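Keep in mind it's a predicted model, so treat the numbers as computed, not measured. Just so it is clear: chains get the letters A, B, ... in the order the sequence lines come, proteins before strands, and each one is counted from 1.
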2 protein chains.
Amino acid sequence: MYFCVNKYLMTRSEENYIKTIFHLGRKGTQEVATNAIAELMETKPSSVTDMIKRLSEKDLVNYKRYQGVSLTALGNKTALGIIRKHRLWEVFLVEKLDFSWDEVHEVAEQLEHIKSDKLIDSLDRLLAYPKFDPHGDPIPDKNGGFKERDRELLSEVPINTGGVCVGVKDSSATFLKFLDKNGIALGNQIKVMEIEEFDGSLNIEIDGRKMQISHVIASNLYIKANDGI
Amino acid sequence: MYFCVNKYLMTRSEENYIKTIFHLGRKGTQEVATNAIAELMETKPSSVTDMIKRLSEKDLVNYKRYQGVSLTALGNKTALGIIRKHRLWEVFLVEKLDFSWDEVHEVAEQLEHIKSDKLIDSLDRLLAYPKFDPHGDPIPDKNGGFKERDRELLSEVPINTGGVCVGVKDSSATFLKFLDKNGIALGNQIKVMEIEEFDGSLNIEIDGRKMQISHVIASNLYIKANDGI
DNA sequence: ATTATAATTTAGGCAAATCTAAAAATTTGT
DNA sequence: ACAAATTTTTAGATTTGCCTAAATTATAAT
Ligand SMILES: [Mn+2]
Ligand SMILES: [Mn+2]
Ligand SMILES: [Mn+2]
Ligand SMILES: [Mn+2]
């Protein structure tokens, strides 16, 4: 098949594999391991091998036995398309249907597989072309254009650093509900006041209010440091 | 399986069969034939038999070999849930995303399978609880409540009858585009002025404008007759 | 009442996506 | 360098959903 724009022929399962490989490929720059895919997708390595072969057949991934897998240009573009849909739907659910940020992911996992360019582009327009999803993750544009916002983990910045909370690393419902309960949200001004040597916990000031958070919490919050004067 | 609320375990294919059986069951009051299902779903009778057995196993349909099939109470409720979703999504596409009424069906066929009560009920609220979809078909409420609007085919009403165009029987893109081209839309006032004996074509007045339409067209337009004084 | 026709079901097979168990290749530890 | 541990792949089975071809049952025609 020459020039196979296979976007519309892909199964849901294939799309989910491509998306997972994309996410795993971002972290390390190297090839993605079969076991890593299996673990993240809660499936068996043998199933992964099967699927990888099919994806390789369709020119979505580069694959050599025992050597791990990586996305081709086509695979990458496909992944960005799915992620665009996922994140736009998440914005829709929050902005238009009053979902909370811990409820959107599950439904977006389904909606991201709906096939219609017109649908997703109209949705984009309805939402006024948002650049970030409810968890602070960037939304690829129509052409897969991606602006990775420059941000740092709260746990990694030096003392006295102030900035805006712009994202979460873990976007599990558990963590998000924890943040809600403690009044931590995207957009808040956060300043690191003190770091406990003993357990790495942080004393922070968040929108003027003082509180203490564990290292684990801090290592799952992204801030964008305030512009130095 | 006792008390199996299987709504969330159903496959897309199963849902499509249930929906088709529902639609076919509405017309004639009797059992639905295997061949009728196969034809409407563009599949083979043997495939239908296969699926019917599975659905029967799950208590969604009543089935006796060679005797046709009908929905159980559970099957009926399931069908109404899917149709509710389909039609609400169609309204969404037209009202919020500026789709035209001939573009919505295909996408709604996909969206109707998204599983989330919260999603569909929020969508219902966003749309202000619409009672009819863009083609004039009634939208079941949360509990499957259905108000079949009383309406008649334009081809069946006597001469001089006037009424509002409230629906289409055929909602194929071809027919809908034809109506667009000829300035016929839901909400128009239509009055039958004359019926040609030769070919059954009708002279009508539509929102004041006179035009002639074939019998085929008239037999695919529903009107609600004006209240007599 | 047979026979012909039509509808439906069965039998057997195939592709996608998964699994378990076993084999093969790679990596690690000494 | 070689054995042990780990990772990955293969082999073979299962389920869903579909197909073709053949058999069965029901219906219509004479
Ligand atoms: Mn998500
Ligand atoms: Mn997100
Ligand atoms: Mn429709
Ligand atoms: Mn409709």
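- As rounded to whole Å, 12 Å separates atom P of C/dT8 from atom CD of B/Glu31.
- Going from atom CG of A/Leu9 over to atom P of C/dA16 covers 12 Å, rounded to whole Å.
- In this structure a side-chain-to-backbone donor-acceptor pair under 3.5 Å is present from B/Asp170 to B/Ser172.
- Between the CD atom of B/Glu39 and the P atom of C/dT8 there is a distance of 11 Å, rounded to whole Å.
- Legend: side chain to side chain donor-acceptor pair (under 3.5 Å) pairs involving residues 60-74 of chain A, not counting sequence neighbours, sorted by first then second residue: A/Asn62-A/Ser70.
- Atom CD1 in A/Ile37 sits roughly 15 Å away from atom C1' in C/dA17 (whole-Å rounding).
- Shown here are the side chain to side chain contact (heavy atoms under 4.5 Å, CB included) partners of A/Val94, two or more places apart in sequence or in another chain: A/Val104, A/Pro134.
- In this structure, A/Asn35 does not reach the D/dT6 phosphate: none of its side-chain N or O atoms is under 4.0 Å from OP1 or OP2.
- The aromatic rings of B/Phe175 and B/Phe178 lie parallel to each other, their planes meeting at an angle below 30°, with 60° marking the opposite boundary.
- Distances shorter than 4.0 Å separate some side-chain N or O of A/Arg65 from OP1 or OP2 on D/dT10.
- Between A/Tyr63 atom OH and D/dT7 atom C1' there is a gap of 12 Å when expressed in whole angstrom units.
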Using nucleotides 15-17 of chain D, report all nitrogen or oxygen pairs with the protein that are shorter than 3.5 Å.
{"unit_1": "D/dG17", "atom_1": "OP1", "unit_2": "B/Thr11", "atom_2": "OG1", "d": "2.4"}
{"unit_1": "D/dG17", "atom_1": "OP2", "unit_2": "B/Arg54", "atom_2": "NE", "d": "3.2"}

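- If you take CD of B/Gln67 and C1' of C/dA7, they are 12 Å apart, rounded to a whole angstrom.
- Proximity of B/Thr43 to the phosphate of D/dC19: a side-chain N or O atom is located under 4.0 Å from OP1 or OP2.
- Checked against ring pair (Phe, Tyr, Trp, His ring centres under 6.0 Å), B/His105 has the following partners two or more places apart in sequence or in another chain: B/His86.
- Listed by chain and residue number, A/Lys118, A/Arg125, B/Leu97, B/Phe99 satisfy the side chain to side chain contact (heavy atoms under 4.5 Å, CB included) test with A/Ser122 (two or more places apart in sequence, or in another chain).
- Here A/Ala33 pairs with A/Ala36 under the side chain to side chain contact (heavy atoms under 4.5 Å, CB included) rule; sequence neighbours left out.
- Judged as a ring pair (Phe, Tyr, Trp, His ring centres under 6.0 Å), and not counting sequence neighbours, A/Tyr222 has no contacts.
- Every pair tested for ring-ring contact (aromatic ring centres under 6.0 Å, His included) that includes a residue from residues 127-150 of chain B fails, sequence neighbours excluded, so the list is empty.
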Review item, nucleotides 20-23 of chain D N/O atoms under 3.5 Å of protein N/O:
{"unit_1": "D/dT20", "atom_1": "O4", "unit_2": "B/Ser46", "atom_2": "OG", "d": "2.9"}

